[in-house]
Amino acid sequence: MSKKPLNIAIAGIGTVGTGVVEIIQTQGELLSQRAGRPINIVAVSSRNQNKSRSVDLGGFTWYNNPVDIASDPSVDVVVELIGGADGVAYELCEKALKNGKHFVTANKALIARHGASLAKLAEENNVTIAFEAAVAGGIPIIKALKEGLSSNNISRISGILNGTCNFMLTAMAETGRDFDTILKEAQELGYAESDPSFDIDGVDAAHKLAILTSIAFGTKVDFESIYIEGIRNISLTDIKFARELGYKIKLLGICSNENGIFEQRVCPCLIPEEYPVARVDGVNNALFIQGEPIGKLVMEGPGAGKGATASAVIADIMDIARGCFSYAFNIPSSLLKKQDFVDITQHEGEYYLRILAEDKAGVLAGVTDILKDENISVSSVLQKSTAKGENAHIIVITHETFEQSIIKAVEKIEKIASVIKRPNVIRIESL
Ligand SMILES: NC(=O)c1ccc[n+]([C@@H]2O[C@H](COP(=O)([O-])OP(=O)(O)OC[C@H]3O[C@@H](n4cnc5c(N)ncnc54)[C@H](OP(=O)(O)O)[C@@H]3O)[C@@H](O)[C@H]2O)c1
């Protein structure tokens, strides 16, 4: 092999960084054969040089300040595995691109916030910015959209994009333990951070969705316009009733373009249990893609973790080694459209409503009258007494209606004297 080696520098030797070093150190020969040239790590940087790590960094130049990597003339590719939308990760990215170095990252926050301007900067400097690992970890969804599905008009992507939430919802359903108990277990197993809010409030999934929307629809990355609802309000009671009605509850990130109406949202959804995505349990991620001419496609796999995420980082490095460059968001940044996305109140779909009320005659009639007033057509109703017997859950499944009507109905139902608390509303997703 006579080709010039590709020299990379890695900033951030944590979970993912260690995984990348390990793969290059143990699979170097295979990577060289497949890329047609050797891939060498020449420099690394992390916060603490004295920290004990599972990989040997002895042969590499050490930088105390990761941003200095961007000025090292021996470096062809900067691999950023630190994290964070701003600060050092952003500084490093900007400097690397300006200095004509390719940039690879797993940092969804950085790309969801600054993707459009960084893509432009990369083009201006004739380098690539690649972030396969930022969305759904080991599932090669970005490559699938940019390469295998490049001829398709994508109409919709629905994804389980956060392994922590999927683990929690699965564990609640399987063990019958409540949200707080399962969250604690997820933290003990290392699936949830000590501050789990980014995951359980849907922000992490929304970062990934913002990136997918841009690649699928040729729109400017627009994280701010995503409607985000996490899983804190999902109770064991909802999971049990959903199951009784033939559904599973999943946190989905959904982007769609239906006849020029664009929507992007992250929210818990009821999915018919026979659908492939409903069967994706535990920490796994999944993507359900609809497009023309492909039709429907499902991808499932590990959405996080050292090996899976490092595998995606290496895939981007391999592309660069082979000289396969593509636009960051599939088309030139100058062609990315500033798109308006519909407000969630305009959402149209079926809904699940759970109303907790005193177990008295006339409550159900009161609820159905309100739904009728708001032109909400009911598909089915279930009434179940609570364990102690004095209250009842009324579960309503609606036909397609507008979210605006549901909001009005919920406000009225909440005011019925015998209704104990605000009804729980979950959207039903027919994938
Ligand atoms: N973990 C996953 O499964 C996963 C999956 C998909 C995407 N990602 C993304 O991958 C990136 C890295 O995640 P991770 O899980 O590997 O994080 P991590 O284990 O916390 O590692 C972060 C690394 O960055 C270094 N670092 C932090 N601040 C720094 C600074 N100011 N200057 C220099 N180095 C600094 C840390 O240094 P020290 O080691 O010296 O403390 C550490 O090595 C993030 O963007 C994350 O969102 C992670």
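As the structure lists them, so they are numbered: ligands from 1, and atoms in each ligand from 1.
Residue Pro66 approaches ligand 1 through these ligand atoms, each under 4.0 Å from one of its heavy atoms: 32 (N), 33 (C). Annotation for ligand 1: atoms under 4.0 Å from non-hydrogen atoms of Ile13 are 43 (O). Heavy-atom proximity to Lys108, at under 4.0 Å, picks out these atoms of ligand 1: 6 (C), 7 (C), 8 (N), 47 (O). Shown in contact with Ala304 at under 4.0 Å from a heavy atom are these atoms of ligand 1, numbered in order with element: 3 (O).
Residue Lys306 does not touch ligand 1, judged by heavy-atom distances below 4.0 Å. Residue Ala133 touches ligand 1 through its backbone alone, judged by heavy-atom distances below 4.0 Å. The parts of Arg47 lying near ligand 1 are both backbone and side chain, judged by heavy-atom distances below 4.0 Å.
In this structure, Ser155 and Glu258 have side chains that are not in contact, with every pair of non-hydrogen atoms separated by 4.5 Å or more.
Between His114 and Tyr90, the ring planes lie tilted relative to each other; the angle falls in the 30° to 60° range.
A donor-acceptor contact shorter than 3.5 Å links the side chain of Gln187 to the backbone of Ser194.
Within the 4.0 Å heavy-atom shell around ligand 1 one does not find Gly137. Taking 4.0 Å as the cut-off, Arg53 counts as a neighbour of ligand 1 on heavy-atom distance.
With atom 22 (C) of ligand 1 as the reference point, the heavy atom nearest to it among Leu81, Val313, Val135 is part of Leu81. For atom 28 (N) of ligand 1, the candidate residues are Val88, Asn107, Ile82; the nearest heavy-atom contact is made by Ile82.
Ionic pairing of Lys250 and Glu429 is not present here: no N-O contact between side-chain nitrogen and carboxylate oxygen is shorter than 4.0 angstrom.
Ligand 1 has an N or O atom lying under 3.5 Å from an N or O atom of Val16, backbone or side chain.
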